[in-house]
Number of protein chains: 2
Amino acid sequence: MTASISDVATQAGVSVATVSRALRGLPNVAPSTRDRVLDAARDLDYVADPNASRLAAGRTRSVGMVVPLFTQWFFSQCVAGAEGVLAAGGYETLLYNIGSHESRRRFLTELPFRKRVDGIVLVDLPVSEAEMATLCEAGVPIVTIGLRTEQAPSITIDNYGAACTATRHLVNLGHERIGMISNLPDDPRHFHAPVDRRRGYQDVLAEHDLELRPELDVPGNFSLEGGAEAMAQLVAVDRPPTAVFAQSDEMAIGALKTIHDAGLRVPEDISILGFDDHDMAEFVGLTTIAQPVVQHGELAAELLLERADRPDAEPTHVEAPTKLIVRDTTAPRHPARRDGPHRPRRARPLAGPPRGLP
Amino acid sequence: MTASISDVATQAGVSVATVSRALRGLPNVAPSTRDRVLDAARDLDYVADPNASRLAAGRTRSVGMVVPLFTQWFFSQCVAGAEGVLAAGGYETLLYNIGSHESRRRFLTELPFRKRVDGIVLVDLPVSEAEMATLCEAGVPIVTIGLRTEQAPSITIDNYGAACTATRHLVNLGHERIGMISNLPDDPRHFHAPVDRRRGYQDVLAEHDLELRPELDVPGNFSLEGGAEAMAQLVAVDRPPTAVFAQSDEMAIGALKTIHDAGLRVPEDISILGFDDHDMAEFVGLTTIAQPVVQHGELAAELLLERADRPDAEPTHVEAPTKLIVRDTTAPRHPARRDGPHRPRRARPLAGPPRGLP
DNA sequence: CTGAAAGCGCTTACAG
DNA sequence: CTGAAAGCGCTTACAG
């Protein structure tokens, strides 16, 4: 069988206590003793059983990443960022994928992370005050991404401000009929981001005395398919929008497909603006609001590790920056009719123009 | 403090052994006793400490997913697939992200998963025979994705055959100068997929007496950026290719950007064919070889769970299917000059054609 | 069907 | 600097 601590102790001629101390690099071990222990451990190919260590020490040296939808770009980036700093700090990363309504409910009631991890980071998990209180009662340090509460450190962005910036960009290009693709209205989960972004969008329209038309605010479910379907609705509307602010790049890219399928052109006929700066955004020329997602994850992990040391400190809240990145999917309305200094950029076509048959 | 098993035992008026049995649903517990235990556990909000359970039982009920690059689409899909069936089977999912050379080395020498998980799945981890042997010696059941060995069950695809299909598609469209975008030639890791795909590509060219030009086989590093750079090389070559087979969709999409930036059109000037059927592929109209990546992960998890029961059974090897999906980025060479029944499809442009200034 | 007890493999005061 | 011993919170023969 695999060697245990007492095998190492025997071989090194010391007690298990000394082995434990030597192997963990604790002070108060004579250098010569330490060497002997290290040798023995190497000889026997020994590794400590983490479960025994955890049981005895009361710490697990692992943290849980709680994400609603693991396959989405945003979440995988967050997790990757966190995993990096956690691994560097000697922590394992556990995955709690709670996409389904059922798994979310079970997570919230059974609190499966109790006694199992030293901390959790909630990535864009929409929880009510009451639910957050329950989670906190589990006694496990928490950090949230995309949600700010009194109870735990958090990393957020200024969704309202970013949405204002996005919408203003479109308004400044001369657009007056501006649509939005957002979340499902009846989503039982209450994400904050879509709500705040909607407010920004609406406020900027109001600010410019632009008509607020409910039929231009359509749900896209934050997916490629959802974005495509949402755009189909927008295109079919009476007096359709000349610009659309999609609340995620994935929805924006879905929308681009619909626009093309409908025989329309971006940005000549319609401008599209996304959110996130997805890896793909640059490659499809998408104008978007960038946010440093990997860094969200890194920061969350750092805050969590920090919190392990000072659990009673005032929660730190950090607001990460966002930035408008103008690429090729937004342009002035009716660019061909303008003759000002501004020349429209053209979105990068995947293919050239159709050519007449010879 | 949080309740332990003896608290529950006291409250229910039974021994801890009985609590343990009742809570785990073991037989040989009187229904009335079980009820009393369940009540007590609920009252006390009790959950078993997994570390204690693991130490006593010798099983961890968790498995490790070992991936080279967590943020890449392929791997996140695999992990998501596996996580789903593992969670359903009562297993936790641990992440081993070993992208860097250093972390890979440490993984292979320290075998950090020992005593920590009941099994690991190696996702596209290129390991030598010797390394695989080392891993097996750790005594932890293994399943591999994308690599077939004698030692462990595996899930692979027919990379050679798929590459033949891809290349033949281009040949059949009349292309004679066909490029390839693949892995870095000096990558110290020896992935099998790029090698097998290259063979398929080369064999089909040879089969059709098409010239094999080394300068048309360029490295793309399986990333968007790499694909873009590779395409830049191909475009600059003397007698450039009229079609390119990129070994991943991400590289293909990177290539599309370069083509556009160079003022060329897809598929009129050049055809592009990818590999994977990335979520985005449909949305950029990319012709590609599809493989069921999420299912790879699911299958791997199933094989692993199975193997836990029958560790000495002959390893099962499954070859997952692949399928050519023709979309808009491939077309006959010089389509305008043909007048057969085949009308070229046009790649979906993100924007319409440039129009002359008014 | 149930309990007493050993044991899983560590860590950590405590004493020296 | 080192060791003996208790203890972490479970599970599992074994006995009844």
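Everything quoted here is computed from the prediction, not taken from an experiment. All chains are named by letter (A, B, ...) in the order of the sequence lines, taking the proteins before the strands, and each is independently numbered beginning at 1.
Electrostatic pairing of A/Arg104 and A/Glu131 counts as a salt bridge here, judged by a charged N lying under 4.0 Å from a carboxylate O. B/Asp118 and B/Arg307 are not joined by a salt bridge, as no carboxylate oxygen comes within less than 4.0 angstrom of a charged side-chain nitrogen. Ionic pairing of A/Arg148 and A/Glu319 is not present here: no N-O contact between side-chain nitrogen and carboxylate oxygen is shorter than 4.0 angstrom.
The ring-ring contact (aromatic ring centres under 6.0 Å, His included) search around A/Phe70 returns B/Phe70, not counting sequence neighbours. Scanning for salt bridge (Lys or Arg N to Asp or Glu O under 4.0 Å) contacts around A/Glu129 gives an empty result, with sequence neighbours left out. By the salt bridge (Lys or Arg N to Asp or Glu O under 4.0 Å) test, B/Arg106 pairs with B/Glu110, sequence neighbours left out. The ring-ring contact (aromatic ring centres under 6.0 Å, His included) test applied to A/Tyr96 returns A/Phe107, not counting sequence neighbours. Scored by the salt bridge (Lys or Arg N to Asp or Glu O under 4.0 Å) test, B/Glu314 finds no partners at all (sequence neighbours excluded).
Taking a 4.0 Å limit (strictly below) on heavy-atom distances, residues 44-54 of chain A reaches DNA chain C at A/Tyr46, A/Val47, A/Ala48, A/Asp49, A/Ala52, A/Ser53. The stretch residues 23-38 of chain B touches DNA chain D through B/Arg24, each having a heavy atom within less than 4.0 Å of the strand. The stretch residues 14-22 of chain B comes close to DNA chain D through B/Ala17, B/Ser20, B/Arg21, each having a heavy atom under 4.0 Å from the strand.
Residues B/Phe222 and B/Asn183 share a closest heavy-atom pair of CE1-CB, 3.7 Å. Contact record, B/Leu69 with B/Phe75: O-CD1, 3.0 Å, taken as the closest heavy-atom pair. Taking both residues in full, the closest heavy atoms of A/Pro153 and A/His317 are given as C-ND1, 4.4 Å, listed atom of the first, atom of the second, then distance. The two residues A/Leu304 and A/Gly119 come nearest to each other via the heavy atoms CD2-C, 3.8 Å.
Every stem involving DNA chain C, taken as at least 3 paired positions in a row under the Watson-Crick or G-U wobble test at 3.5 Å, is listed here: C:1-3 with D:14-16, C:5-12 with D:5-12, C:14-16 with D:1-3.
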Under 3.5 Å, which donor-acceptor pairs link side chains of residues 292-300 of chain A to any protein atom two or more places apart or in another chain?
| residue | atom | partner | partner atom | Å |
| --- | --- | --- | --- | --- |
| A/His296 | ND1 | A/Pro292 | O | 3.0 |
| A/His296 | NE2 | A/Gln291 | OE1 | 3.2 |

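Mapping heavy-atom proximity under 4.0 Å, the span of DNA chain D touched by chain A runs 5' to 3' from D/dC1 to D/dC10.
For residues 26-39 of chain A, the pairs satisfying side chain to side chain donor-acceptor pair (under 3.5 Å) are A/Asp39-A/Arg42, with sequence neighbours left out.
Under the 3.5 Å distance criterion, with hydrogens and angles disregarded, no donor-acceptor pair is assigned to the side chains of A/Ser154 and A/Thr156.
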